[in-house]
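In the text below, chain A, chain B and the rest are named by the order of the sequence lines, each starting its count at 1.
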There are 2 protein chains.
Amino acid sequence: MPNYHRPSVTVDVVVFGLDDSVGALKVLLIKRGRPGTAFEGCWAIPGGFIEKDEDLEVAARRELREETHAEPSYIEQLATFGRPGRDPRGHVISVAYMALVRCDSLVIQGDDDAKEARWWSVDHLPDLAFDHAEILATALKRLRNKVRWQPVGLDLLPLVFTLSDLQRVYETILGKSLDKRNFRRKVMSYGVLVSAESMRVGSPGRPPSLFRFDREAYEALQEEGVEFEVTA
Amino acid sequence: MPNYHRPSVTVDVVVFGLDDSVGALKVLLIKRGRPGTAFEGCWAIPGGFIEKDEDLEVAARRELREETHAEPSYIEQLATFGRPGRDPRGHVISVAYMALVRCDSLVIQGDDDAKEARWWSVDHLPDLAFDHAEILATALKRLRNKVRWQPVGLDLLPLVFTLSDLQRVYETILGKSLDKRNFRRKVMSYGVLVSAESMRVGSPGRPPSLFRFDREAYEALQEEGVEFEVTA
DNA sequence: ACAAAAGTGTTGGGCTTACACCCATGG
DNA sequence: CCATGGGTGTAAGCCCAACACTTTTGT
């Protein structure tokens, strides 16, 4: 191959999750640890350099695993960022991914070498390294859009959940409250929910009935699109 | 910067246009000319290697200009392709763009050095180099999707056009025919069209009235989204 | 008995669809 | 005068949005 200029290439992964109470949308960030590296001590989206002949998505999952031990249940390519000057170290192009993880697999820990990883609420973020604020904003926009035409609950909720949980997912992501009756009617009409026998107990109020997703119907819906726009 | 592996990075641009009669959706392809290069003589999406510290979109526009003299009126990043083995020459990552050009600026010519450039109808494509068939398929899918929630006529039609022209754009891209009355009602309701005084003459049938886009209203609509789904 | 969350139906309005005929010009 | 494409209106049905009270449990 002719001797063309070769930039460095990284993959970065914006991981979204919901907190236990499904009350807030969170992003997984790492604290840049290694002394002497760029943006030392700054918070950043997890990611790193791709290896020789490594597939991009594979690299994204690898970096995520190495830095946070997270295994996302969904991942998609977001966009590629290559503005000159975005990395003070030189010409670095970043292929960004967006990922979702389930509430019940939020067991996150940092890397061995002093790197810290934790969840941040999307509306109280720290300053971010590089152009990561821009990347994150892009991811958030994408998620808010995606939610309107593809189902998204399966990748964010535990296996078994209540309709109120699901409604809270949408309210949290869209940042507005939805009408309970209209929400339920609409969700049920898609036929992707099957009732789980058990009932949740112990909480105040009438015990809710539990559901799980019908995986096949869910994936069919994912293909064809949803048109999910529910009223305030 | 530490000595990480560096792949080569290319940008490739899938350019869509409509033919004069607005009757077919076309893609601009180039014939790979230089002897001794990979896929010599094969048709391919225009593109090439990025230069040092060059912005990705700038590189995309530059390659397009160099290879086809086309200046798209719209361009957006599509996706990045990095599957190992996609380029026989080694580890090459391609950032793909999708672009639209207006009918009346279709003056295309190949590069100086024997490279040929021409339009191909999207449903009669030649074999393509690398994974360009996959990239093109992705672009086509994106365009067909985009059309449903963003206006697209401004970037494909000449400055002045008829409602029938516009309808044909949608029919061509979506690949299905639409109801004339419903189409007109819907389009007019967006308030992005202003009537151009003149009338087209010379063709058989009643002379149509001409319109142009109200740029401001158009761009506002582009922001907020359109919800454009018209019936067969 | 009270607080807390779950669950449940109906109605009006607006938008979408389906559909067929006349109009203005060129040849 | 005829062929060609341009232009126009209406009625039926569906889906969406708005809205308030009853049920079931824990304390």
Taking only residues at least two apart or on different chains, which pairs with a member in residues 141-162 of chain A satisfy ring pair (Phe, Tyr, Trp, His ring centres under 6.0 Å)?
A:F161-A:F213

Strictly by ring pair (Phe, Tyr, Trp, His ring centres under 6.0 Å), give each pair with a member in residues 173-206 of chain A just once, sequence neighbours left out.
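Sorted pair list: A:Y170-A:F183, A:F183-A:F228.
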
Starting from [atom2] on [N], measure out to [atom1] on [X] and report it in whole angstrom.
X: A:M188; N: C:dT8; atom1: CE; atom2: C1'; value: 13 Å
X: B:Y190; N: C:dC15; atom1: OH; atom2: C1'; value: 11 Å
X: A:L178; N: D:dA18; atom1: CG; atom2: P; value: 12 Å
X: A:K186; N: C:dT8; atom1: NZ; atom2: P; value: 19 Å

Under 4.0 Å between a Lys/Arg side-chain N and an Asp/Glu carboxylate O for A:K176 and A:E171?
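Between A:E171 and A:K176 there is no salt bridge, as every charged N stays at least 4.0 Å from the carboxylate O atoms.
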
Nucleic acid footprint by protein, nucleotides 6-14 of chain D - heavy-atom cut-off 4.0 Å, B for base, S for sugar-phosphate alone:
BBBBB----

Can you pull the side-chain hydrogen bond (donor to acceptor under 3.5 Å, both in side chains) pairs that have at least one residue in residues 122-132 of chain B, sequence neighbours excluded?
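Checked against side-chain hydrogen bond (donor to acceptor under 3.5 Å, both in side chains) - neighbours excluded - the pairs reaching residues 122-132 of chain B are B:R86-B:D131, B:S121-B:D123.
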
Does A:R144 have any side-chain contact (heavy atoms from CB on, under 4.5 Å) partners at least two apart in sequence or in another chain, and if so, which?
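Residues passing side-chain contact (heavy atoms from CB on, under 4.5 Å) with A:R144: A:L140, A:I173.
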
Of all residues at least two apart in sequence or in a different chain, which pass the side-chain contact (heavy atoms from CB on, under 4.5 Å) check with A:A59?
A:V11, A:I50, A:E54, A:R62

